[in-house]
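A short worksheet on the structure shown next.
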Amino acid sequence: MINPLVINITYLMLTSALLLSFVRLAKGPSLPDRVVALELVATIVAGIVGTHAIDTGVASFLDIAIVLALTAFLAAIGFARFLERGGPRDD
Amino acid sequence: MIEWILSTFMIVGAALMLLAAIGIIRLPDLPTRMHASTKSGALGTSLIMIAVALAFMDTAVSARAFAIISFIILTAPVAAHVIGRAGYFVGVPLWEGTVKDALKESYDPETHQLHSGLEGKEPRKSVTYGVAESPATKDLEEPEPKKPE
Amino acid sequence: MIGFFWNVLLALAWAALSGNFSGLNFLFGFVLGYGALALLQRELPILHGYSQRVPRFFMFMGFFAKELLRANLKVAFDVLTPPWHMQPGVIALPIKAETDLEITMLANFISLTPGTLSLDVSTDRRVLFIHAMFLNDEEELLTELREIERRILEIMR
């Protein structure tokens with residue numbers, strides 16, 4: 001089985017990445033900045049789910065990563081529509 | 001042997017995501033932040049999912065890992081484009097070190113038209129790039145020239 | 001595109017007929033189907049050029065992976081070291097892609113290469129506006145982007 005040290009280092013890096021992107025999410029000066037941070041949070045959580053699946057040996061966790069990847073994309077599209085709302089650009 | 005490859009993939013993937021997070025904190029304006037976050041983040045998740053597929057060595061799990069990779073690779077550039085365009089047109093300021101802005105000159109805020117600067121020039125010819133002209137692709141291209149505005 | 005779907009269908013048929021859905025057998029069916037379509041493409045106009053397109057696709061994947069790694073390292077270096085070496089800016093790239101699908105593929109691949117991000121297409125769809133992170137040499141960047149475009153159009157057409 002895989003070395004627990006590798007798993008722990010991966011967890012450490014991913015959680016610090018999560019922390020940093022939460023900082024940007026909290027302080028981001030404009031709404032698009034926060035949306036970018038939210039997108040990154042979803043991607044990092046998908047990575048954490050993958051690592052956890054390797055760690056525990058339960059493959060069912062991967063379904064969560066699939067759902068997360070899809071909903072994060074939909075959220076980004078929704079936010080962009082919301083930001084551009086009001087102009088006659090209908091493309 | 002496979003354990004080494006797997007560990008490398010995991011560490012490199014996590015490092016890429018950490019890089020994306022550092023980039024999103026350090027970089028000065030919205031488009032440059034998106035450069036760091038979307039691409040490094042997508043690549044990092046893909047590497048970790050490859051590690052998952054290697055760790056389980058099972059067809060069903062590999063298929064799911066592959067599905068996640070293709071979702072992320074397909075959706076990341078679209079989301080980046082959509083947010084970047086919305087941010088640009090909403091008026092998020094660019095960094096003061098920005099050397100050039102070709103979009104600003106050609107965007108007309110009154111009509112919301114985006115000029116290419118090529119209007120009135122000759123209509124473009126169908127370009128074949130050295131590929132042998134095949135009848136299948138020839139039928140698909142529209143022959144009528146673009147009208148100058 | 002049609003040719004690829006036919007090829008997958010033939011591979012599925014091979015897997016079903018031989019009663020073995022493992023990945024290796026599917027791959028074998030794909031190779032057999034590719035051979036059959038390569039023989040057929042002279043007769044069917046819709047399959048024209050399919051057998052040349054598949055190797056080009058794999059070459060493009062290799063080229064793209066190389067570009068991705070090189071540009072990722074460049075961005076990583078600039079993010080991690082304190083002074084900014086970057087000179088960001090928005091440039092206009094005149095494109096030769098015409099249909100919606102071609103423009104979408106081109107914009108996506110340009111967005112996936114670190115250092116470039118496609119922002120918008122002009123109203124008459126002849127120019128793609130790209131945010132680039134390293135504008136130290138605009139001509140060189142445009143040449144690289146045209147190389148990517150040439151390779152994508154070789155596959156799509």
Side-chain angles (χ1 to χ4, degrees), chain A residues 1-3 5-7 9-14 16-25 28-33 35-37 39-44 46-51 53-54 57 59 61-63 65-66 68-70 72-77 79-84 87-89, chain B residues 3 6-8 10-11 13-25 29-30 33-34 36-38 40-42 44-45 47-49 51-52 54-56 58 60-61 64-65 67-68 71-72 74-76 78-93 109 111-112:
Chain A
M1 206 46 219
I2 189 164
N3 195 344
L5 184 66
V6 174
I7 299 264
I9 292 176
T10 313
Y11 272 139
L12 185 68
M13 286 203 266
L14 286 178
S16 40
L18 201 58
L19 198 70
L20 288 179
S21 44
F22 265 121
V23 172
R24 176 54 71 193
L25 181 63
S30 65
L31 182 57
D33 285 313
V35 179
V36 171
E39 182 91 4
L40 186 61
V41 166
T43 318
I44 292 171
I48 290 181
V49 169
T51 316
I54 295 180
F61 284 123
L62 287 183
D63 297 338
I66 294 182
L68 256 177
L70 285 180
F73 172 64
L74 284 182
I77 299 285
F79 268 116
R81 302 297 289 185
F82 167 68
L83 283 169
E84 283 197 29
R89 299 177 62 91
Chain B
E3 194 192 316
L6 212 157
S7 314
T8 319
M10 284 179 75
I11 297 283
L16 273 172
M17 283 203 233
L18 187 57
L19 179 80
I22 294 174
I24 212 176
I25 285 289
D29 67 347
L30 175 70
R33 273 175 208 150
M34 282 166 49
S37 78
T38 354
S40 305
T45 318
L47 289 183
I48 288 187
M49 285 305 151
V52 169
L54 285 178
F56 283 93
D58 178 46
V61 178
R64 263 184 274 174
I68 297 175
F71 283 150
I72 287 177
L74 281 178
T75 56
V78 179
H81 156 74
V82 161
I83 300 172
R85 195 181 74 163
Y88 188 92
F89 287 119
V90 158
V92 174
T111 55
H112 296 280

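The analysis underlying the following values was restricted to heavy atoms, covering all of them including side chains, and did not include hydrogens, waters or symmetry mates. Every chain is numbered from 1 and lettered A, B, ... according to where its sequence line falls, protein lines coming before strand lines.
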Side chain from CB out, backbone as N, CA, C, O: work out which of these in [X] comes under 4.5 Å of a heavy atom of chain B, or both, or neither.
X       : answer
A:Phe79 : neither
A:Ser30 : side chain
A:Leu40 : side chain
A:Leu70 : side chain

Segment of [X] engaging chain A (4.5 angstrom heavy-atom cut-off):
X       : result
B:Met10 : both
B:Ala51 : both
B:Ala15 : both
B:Thr45 : side chain
B:Ile22 : both

Considering only heavy atoms and a distance below 4.5 Å, find which of [options] pairs most often with chain B.
options                   : value
A:Ile48, A:Ile7, A:Thr43  : A:Thr43
A:Ala59, A:Ser16, A:Pro29 : A:Ala59
A:Ala46, A:Ala69, A:Gly47 : A:Gly47

Looking only at non-hydrogen atoms, find the nearest pair between [X] and [Y] and report the distance.
X       : Y       : answer
B:Ile24 : A:Ala37 : CD1-CA, 3.8 Å
A:Val36 : B:Ser37 : CG1-OG, 3.4 Å
B:Val82 : A:Ala76 : CG1-O, 4.4 Å
B:Ala14 : A:Thr10 : CB-CG2, 3.7 Å
B:Thr75 : A:Phe73 : CB-CD1, 3.4 Å

Item to check | Interatomic spacing from CG in B:Leu30 to CG in A:Asp33 - rounded to 0.5 Å | outcome: 5.0 Å
Checklist entry - Do A:Leu62 and B:Val61 come within less than 4.5 Å of each other through their side chains, counting heavy atoms only? => result yes
Checklist entry - Counting heavy-atom pairs under 4.5 Å to chain A, which of B:Gly41, B:Gly44, B:Ala42, B:Ala86 comes out on top? => result B:Ala86
